[in-house]
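See structure below.
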Amino acid sequence: EDHLTVLRDAMGVMQHHDAITGTEKQHVADDYARMLYNAFEACSVNTRSALNQLAGERNSFQFEWNYCKNQNISACDITEGADSSVVLLYNPLGYSSDSFVRLPVPEGSYLVRNDRGQTVQSTLIPIPASVIDLPFRESSATHELVFHAEQIAPVGYRSYYVSKEKSSVSSNTPMAVSQ
Amino acid sequence: EDNISIGNEHLTVLFDAEGFMSSIVIDGETHSLKQNYFWYQGAYGNNEEFRNRSSGAYIFRPNGTEKAITETVKVQVVKTDLVQEVHQVFNEWISQVIRVYPGKEHVELEWLVGPIPIDDGTGKEIISRFDSDIASNGAFWTDSNGREMLRRVRNKRETWELELQEPVSGNYYPVTAKIAIEDEHYRMALLNDRAQGGSSLQDGQLELMVHRRLLRDDAFGVGEALNETQFGAGLVARGKHWLIFGSSRKDGSPNLVAKERFLQNQVLLPSWTFVNAVADDFTYDEYL
């Protein structure tokens, strides 16, 4: 409850008209960002706990928003650094949904498998140079690993096991044509 | 290849020789659909009277009409079974990925804009504009904070005779979820991932403002120019637009508005992605 209240408090402040319209001074905008960051961090404890109860396991899942905050610049410490990872998608909608997952990774060969013992088709798509060259971006990811998560149950989840293959030849990389 | 295209079983997006999106093929019919980035120069005033205020945090007030960002676009095409993409570079500070996923009836545009240069001493407001052959007759629809779609008519107000002094900003409306146009045959809708200003300044046209950097305060209270920086440079913004184009037939089989609603749910309430790096001894069998 304490964690949720941090976000409740932040949202209360965000209802100020300056935060809604973006007409606050820059140092106030920075402070709003700080408050929201702290609230995200606090609530991630709840999401992780809820997910672990849903999964019925003791594995400590890490909510991506906590640890992949740079996904908007196609960067993620976990997916870039791990040889194997579990990716879990929670569908908040009241009906079955699907999602094309994009995970920032270094170039290589990857295998995506689902929870029914099946290999899921995946591909590597190059991250545009305009993103890779962003001056403040510190990431080893040069590609996004793309796969299709299908039939995620309403208010339910589906998980995938992603592993980096030892083979040095990339089997996922498509050919790109420049003009 | 001279003619680039990406697509799936529902649609094909065509690009011209200059690298711009030029048309879309739906149900075997080709429709003109151009997309480009433009910029408005922010107005500079002395703020002493209302008619002489600068463009700033509170008001969008361009000085004149829009200017095209570029005449040619560098492109890279990536085609796979899971996604087809065209990576476009408009200039040093605007790039975009246009992608189509199999089975999907929309086109995704992921834009990257910034840092907006100001070394020429002018504030700039950047828009993404779509030009179609839809005879929209001055009307367009914008959402109202995600609720009902409101009909807007260019150069018109509901309850008084309008004599518009500022034809661009006077026709801009807030768009927090969707902006759309249609005629009796076709309909085009744009969904966005954040609140933006938008309009339809010509029939068949939709535009959304994606980024702005201004050098004057507009004297409405904030006391600062809208000139944010990070690491010593202007902000870079990255976001998405989702484009749906198709038949506007209300009583026919494809109800485009319903598809837009489902897409809106999917993109604004997407599946939450959790990632967990696992130890070497946590094998796939153990995972199963």
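Proteins come first, then strands; the chains are lettered A, B, ... in the order of their sequence lines, and each starts at number 1. Here the structure is a predicted model, which means the values were calculated and not measured.
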* Side chain, backbone, both or neither of B/Leu288 within contact of chain A (heavy atoms, under 4.5 Å) -> side chain
* Asked: Contact part of A/Ser159 toward chain B, heavy-atom cut-off under 4.5 Å: side chain, backbone, both or neither?
  -> both
* Asked: Which bit of B/Leu112 is near chain A, if near means a heavy-atom gap under 4.5 Å: side chain, backbone, both or neither?
  -> side chain
* Qualifying residue for salt bridge (Lys or Arg N to Asp or Glu O under 4.0 Å) with A/Arg102, from B/Glu110, B/Glu108, B/Glu85 -> B/Glu85
* Atom CD of B/Glu9 with >12 non-hydrogen neighbours under 6.0 angstrom -> yes
* Structure fact -> Honestly, the part of A/Val162 sitting under 4.5 Å from a heavy atom of chain B is neither
* Asked: Can any side-chain N or O of A/Gln26 pair as donor or acceptor with the backbone N or O of B/Glu228 at less than 3.5 Å?
  -> no
* Asked: Any chance OH of A/Tyr37 has more than 12 other-residue heavy atoms, nucleotides or ligands included, within less than 6.0 Å?
  -> no
* Under 4.5 Å from a heavy atom of chain A, the part of B/Tyr284 involved -> both
* Structure fact -> Within residues 112-120 of chain A, the residues sitting under 4.5 Å from chain B by heavy atom, in sequence order, are A/Arg113, A/Asn114, A/Asp115, A/Arg116, A/Gly117, A/Gln118
* **Which portion of B/Val97 sits near chain A, non-hydrogen atoms under 4.5 angstrom** => side chain
* Any chance CD of B/Glu286 has more than 12 other-residue heavy atoms, nucleotides or ligands included, within less than 6.0 Å? -> yes
* Side-chain heavy-atom pair B/Asp81, A/Gln121 within 4.5 angstrom cut-off -> yes
* Mind checking which of residues 233-240 of chain B sit less than 4.5 Å from chain A, heavy atom to heavy atom? -> B/Val236, B/Arg238
* Given a strict heavy-atom distance threshold of 4.5 Å, which part of A/Asp133 is in contact with chain B: side chain, backbone, both, or neither? -> neither
* To do: For B/Ala277 and A/Ser85, work out which heavy atoms get closest and say how close.
  => CA-CB, 4.1 Å
* Below 4.5 Å, heavy atoms only, C-beta onward: do A/Leu89 and B/Phe274 meet side chain to side chain? -> no
* Could you look at B/Pro115 and say if it's the side chain, the backbone, both or neither that has a heavy atom under 4.5 Å from chain A? => neither
* Structure fact -> Heavy atoms of A/Pro92 and B/Leu269 approach each other most closely as CG-O, 3.7 Å
* Heavy-atom pair count under 4.5 Å with chain B, highest-scoring of A/Ser99, A/Pro135, A/Ala82, A/Ser97 -> A/Ser97
* When you look at CZ of B/Arg194, are more than 12 heavy atoms from neighbouring residues, nucleotides or ligands closer to it than 6.0 Å? -> yes
* **chain B contact via A/Ile152 - which portion, at a heavy-atom distance below 4.5 Å** => side chain
* To do: Under the salt bridge (Lys or Arg N to Asp or Glu O under 4.0 Å) rule, collect the residues that match up with B/Arg213, sequence neighbours excluded.
  => none
* How long is the gap from CD on B/Glu224 to CD on A/Glu24, to the nearest 0.5 Å? -> 9.5 Å
* Output the distance between atom OG (B/Ser271) and atom CG (A/Asp98), rounded to the nearest 0.5 Å. => 8.0 Å
* Does any non-hydrogen side-chain atom of B/Asp280 lie less than 4.5 Å from one of A/Ser84? -> no
* OH of A/Tyr161 to CG of B/Asp285: how many Å apart, nearest 0.5 Å? -> 9.0 Å
* **Selection residues 70-103 of chain B - residue pairs positive for ring pair (Phe, Tyr, Trp, His ring centres under 6.0 Å), sequence neighbours left out** => A/Phe100-B/Tyr101, B/Tyr37-B/Phe90
* Asked: If we only count heavy atoms from C-beta on, is the A/Leu88 to B/Trp272 side-chain gap below 4.5 Å?
  -> no
* To do: Give the member of A/Asn91, A/Val87, A/Asn72, A/Val146 that has the highest number of heavy-atom pairs under 4.5 Å with chain B.
  => A/Asn72
* Asked: Looking only at heavy atoms, what is the nearest atom pair of A/Ile125 and B/Thr80, with distance?
  -> CD1-CG2, 3.8 Å
* **Residues A/Ser130 and B/Ser95: side-chain donor-acceptor under 3.5 angstrom** => yes
* Asked: Does A/Lys25 reach the main-chain N or O of B/Val222 with its side chain, forming a donor-acceptor pair under 3.5 Å?
  -> yes
* Structure fact -> In short, B/Ala57 meets A/Thr23 closest at the heavy-atom pair O-CG2, 3.8 Å
* Test of ring centre spacing under 6.0 Å for B/Phe262 and A/Tyr95 -> yes
* Asked: Of the backbone (N, CA, C, O) and the side chain (C-beta and beyond), which part of B/Tyr287 lies under 4.5 Å from a heavy atom of chain A, both, or neither?
  -> side chain
* Flag the one option from A/Asp18, A/Val101, A/Val131 with the top tally of heavy-atom pairs under 4.5 Å to chain B. => A/Val131
